[in-house]
Amino acid sequence: MSASDEDHMAQALQLARRGLGLTWPNPSVGSLVVAPSGEIIARGGTAPGGRPHAEAIALERAGDRARGATIYITLEPCAHAGGRGVACADIIAAARPARAVIALRDPDPRTAGSGIERLEAAGIKVEEGVLAEEAGAVALGHILHVTEERPAVTLKLAVGADGLMPKGKGAPVWITGPDARAHGHLLRARNDAILVGRGTVLADNPTLTCRLPGMSCRSPVRVVLDRRLRTPPEARLFDDLMVPVWLICSSDEEHPTTDALQDRGAEIVPVPVDAHGMLGVRDALETLASRGITRVLVEGGPQVARAFLDADLVDEAVIYQGAKPAGADGLMPFVSEGLDRVTSSGHFMQLEARAFGPDRMTWWRRIRRCSLALSAA
Ligand SMILES: NC(=O)c1ccc[n+]([C@@H]2O[C@H](COP(=O)([O-])OP(=O)(O)OC[C@H]3O[C@@H](n4cnc5c(N)ncnc54)[C@H](OP(=O)(O)O)[C@@H]3O)[C@@H](O)[C@H]2O)c1
């Protein structure tokens, strides 16, 4: 592995990051075709909707110049043909690059190493593992979709200087300034779905769309956990029907509100309840995965946030902390527990800390080995 391999893979990963939230049910992948001189001949990222794949786009752009070049790909090329054609491993073999540099093997059993074998059988020198950790973070939604039949979960919350969440008053109460909020909207754009509980819909009456200039088309599917379908049909969620609303409810009972909510454009998604009569968040995630969702941003209130933490289903957490306190009627972010449930638990490591004017954002990632060790104990 050379420094230039890392530089080129870093660029390919940047392309992959740009497609997050757009390519589900497929992973967002990036690819570069680079001449022996070091000139970048072509770039490609997975197209919206998941096809064509990144390497097919990059090779199409490179044309004959791909022969003898190096192709960089953030995920092993698929060995299975999709509905519309040829497997990417075969497209690469036919283009005859001299080398393929791949960040990560694809755990999808239809590929799982056979994409690489196919390249090697075609005489292409394959290098694996370049920036594998970064690639794993970008592809986490796909990896968990394949290995655990669930999407990756990012928990997002906003608290005041006192660590408490402001209480909604029929509309969201903003505890942070416009820059931090814009960053939060970028998070929405990079996820396939955004999930809240019914309590947040009642308290905040939010739209849950991405409202960055020019990016409204990047709004993810909006999902509400609503056991008995008591979301009011007049909620603002239903005002923008360009962005789907899925209401996850109990499959164990009839819901008299079904017709009224469907008339407002909601899609009703029944899920079995657990022994305590609650909607299991694991079941809800599996249902979302079965519908192709690979990345979920959980923006719910304390009850939903707590349920995801208790089920050990939070992969990343993004905490915005404003400069002013939420005040006397502020809510503990996890019902009866404070931020230290994430920040001092030892289950999460801090990846990033950033200021947005007077506000502060910290980004946390679950330490897998730690939680695996705990669950094995
Ligand atoms: N600052 C922030 O970042 C932020 C973000 C969001 C909300 N909030 C605030 O949080 C408050 C609302 O809190 P909340 O806790 O009621 O909201 P929530 O967590 O979004 O919703 C809770 C409701 O979700 C439903 N639910 C369904 N399945 C669930 C499960 N497995 N676990 C937990 N809940 C499940 C339950 O209603 P059913 O039994 O009817 O299904 C439950 O009452 C508001 O004041 C809002 O402004 C703050």
Side-chain angles (χ1 to χ4, degrees), residues 153-177 180-181 183-185 187-188 194-208 222-232 235-237 246-253 255-257 261 268-288 296-314 317-322 324-339 341-342 359 361-362:
V153 172
T154 302
L155 179 65
K156 176 202 145 186
L157 50 116
V159 294
D162 48 7
L164 301 179
M165 281 177 164
K167 228 180 193 169
K169 298 188 166 52
V173 172
W174 290 326
I175 194 81
T176 55
R181 292 206 304 276
H183 188 265
H185 279 257
L187 280 184
R188 288 183 176 176
I194 175 170
L195 182 148
V196 299
R198 188 181 68 93
T200 296
V201 176
L202 285 189
D204 294 358
N205 199 10
T207 58
L208 300 178
R222 295 163 297 168
V223 179
V224 182
L225 293 184
D226 178 9
R227 198 166 37 130
R228 296 202 177 118
L229 279 193
R230 290 180 293 173
T231 295
R236 289 174 69 206
L237 276 181
W246 296 353
L247 300 181
I248 297 191
C249 61
S250 151
S251 61
D252 294 14
E253 52 191 304
H255 303 291
T257 48
L261 289 164
I268 310 300
V269 183
V271 165
V273 287
D274 65 18
H276 309 288
M278 291 296 284
L279 288 173
V281 288
R282 169 92 216 180
D283 292 332
L285 287 184
E286 282 175 14
T287 299
L288 294 180
V296 175
L297 184 67
V298 172
E299 279 198 38
Q303 292 189 57
V304 160
R306 167 79 178 256
F308 276 83
L309 276 178
D310 284 352
D312 198 15
L313 286 169
V314 175
V318 182
I319 301 172
Y320 298 94
Q321 189 151 24
K324 290 186 224 141
D329 67 347
L331 304 167
M332 296 284 267
F334 309 117
V335 186
S336 55
E337 292 177 276
L339 282 185
R341 173 81 196 259
V342 169
D359 308 322
M361 182 275 289
T362 51

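Counting starts at 1 for both ligands and their atoms, in listed order. Model, not experiment: these values are computed from the prediction.
- The protein heavy-atom contact nearest to atom 27 (C) of ligand 1 is L225 CB, 3.5 Å.
- Residue contacts with ligand 1 for R230 involve side-chain atoms from C-beta outward but no N, CA, C or O (heavy atoms, distance under 4.0 Å).
- Counting the atoms of ligand 1 from 1 in the order shown, those under 4.0 Å from a heavy atom of P166 are 1 (N), 47 (O).
- Put simply, CG on L279 and OG1 on T287 are 9.5 Å apart, with the number rounded to the nearest 0.5 Å.
- Around atom NZ of K169, more than 12 heavy atoms belonging to other residues, nucleotides or ligands sit under 6.0 Å away.
- Between G300 and ligand 1, no pair of N/O atoms sits closer than 3.5 Å.
- Under a 3.5 Å cut-off, the side chain of D283 and the backbone N or O of V273 do not form any donor-acceptor pair.
- Among protein heavy atoms, the minimum distance from atom 15 (O) of ligand 1 is reached at Q303 N, 2.9 Å.
- In summary, the atoms of ligand 1 found under 4.0 Å from a heavy atom of D226, numbered by their order in the structure, are 41 (O).
- Contact annotation: for P302 versus ligand 1, heavy atoms closer than 4.0 Å belong to both the backbone and the side chain.
- Within the 4.0 Å heavy-atom criterion, the part of D204 lying near ligand 1 is the side chain and not the backbone.
- Looking at M278 against ligand 1, only its side chain comes within 4.0 Å, counting heavy atoms.
- Shortest contact from atom 48 (C) of ligand 1 to any protein heavy atom: M165 SD, 3.7 Å.
- When the heavy atoms of R198, R306, K156, H276 are ranked by distance to atom 24 (O) of ligand 1, first place goes to R198.
- A donor-acceptor pair is defined here as one N or O able to donate and one able to accept, closer than 3.5 Å; no such pair exists between the side chain of R227 and the backbone of M278.
- Taking CG of D204 as the reference point, atom CD of E299 lies at 10.0 Å (rounded to 0.5 Å).
- Annotation for ligand 1: atoms under 4.0 Å from non-hydrogen atoms of L331 are 10 (O), 11 (C), 45 (O).
- Protein heavy atom at the shortest distance from atom 39 (O) of ligand 1 is R227 NH2, 2.9 Å.
- Residues V281 and A307 share a closest heavy-atom pair of CG2-O, 3.8 Å.
- We find the CG-OG1 distance between L195 and T200 to be 9.5 Å, quoted to the nearest 0.5 Å.
- Given atom 8 (N) of ligand 1, the protein heavy atom at minimum distance is G301 CA, 4.0 Å.
- Considering backbone and side-chain atoms alike, G280 places every N or O at 3.5 Å or more from each N or O of ligand 1.
- Residue-ligand proximity, L157 to ligand 1, at heavy-atom distances under 4.0 Å covers atoms 3 (O).
- Distance alone, capped at 3.5 Å, is enough to place a donor-acceptor pair between the D359 side chain and the G177 backbone.
- Atoms NZ and CG, on K156 and L297 in that order, are 6.5 Å from each other to the nearest 0.5 Å.
- Between A158 and ligand 1, a contact under 3.5 Å exists for at least one N or O pair.
- Although no hydrogens or angles enter the test, the distance criterion places a donor-acceptor pair under 3.5 Å between the side chain of R222 and the main chain of L237.
- Interface atoms of ligand 1 facing K167, defined by a heavy-atom separation under 4.0 Å, are 45 (O), 47 (O).
- Judged by distance alone, with hydrogens and angles left aside, the side-chain atoms of N205 form a donor-acceptor pair with the main-chain N or O of R236 at under 3.5 Å.
- In the vicinity of E299, heavy-atom distances shorter than 4.0 Å reach the ligand 1 atoms 5 (C), 6 (C).
- Distance CG/L225 to OG1/T231: 10.0 Å, rounded to 0.5 Å.
- From the protein, the heavy atom lying nearest to atom 7 (C) of ligand 1 is T200 OG1, 3.2 Å.
- Shown here, atom 36 (C) of ligand 1 is out of close reach of the protein: none of its heavy atoms lies under 4.0 Å off.
- Taking every heavy atom of V281 and a limit of under 4.0 angstrom, the matching atoms of ligand 1 come to 31 (N).
- The nearest protein atom to atom 31 (N) of ligand 1, hydrogens excluded, is given as L279 O, 2.7 Å; this is a heavy-atom distance.
- Heavy-atom minimum distance, Q321 versus G160: NE2-O, 2.9 Å.
- The minimum heavy-atom distance between A158 and P166, with the atom names listed, is O-CD, 3.8 Å.
- Close contacts between ligand 1 and A307 involve ligand atoms 32 (N) [criterion: under 4.0 Å to a heavy atom].
- Closest protein heavy atom to atom 23 (C) of ligand 1: G199 N, 3.6 Å.
- Considering V304, T231, L155, D310 only, the shortest heavy-atom separation from atom 34 (N) of ligand 1 involves V304.
- The distance from the CG atom of D226 to the CG atom of L261 is 7.5 Å, given to the nearest 0.5 Å.
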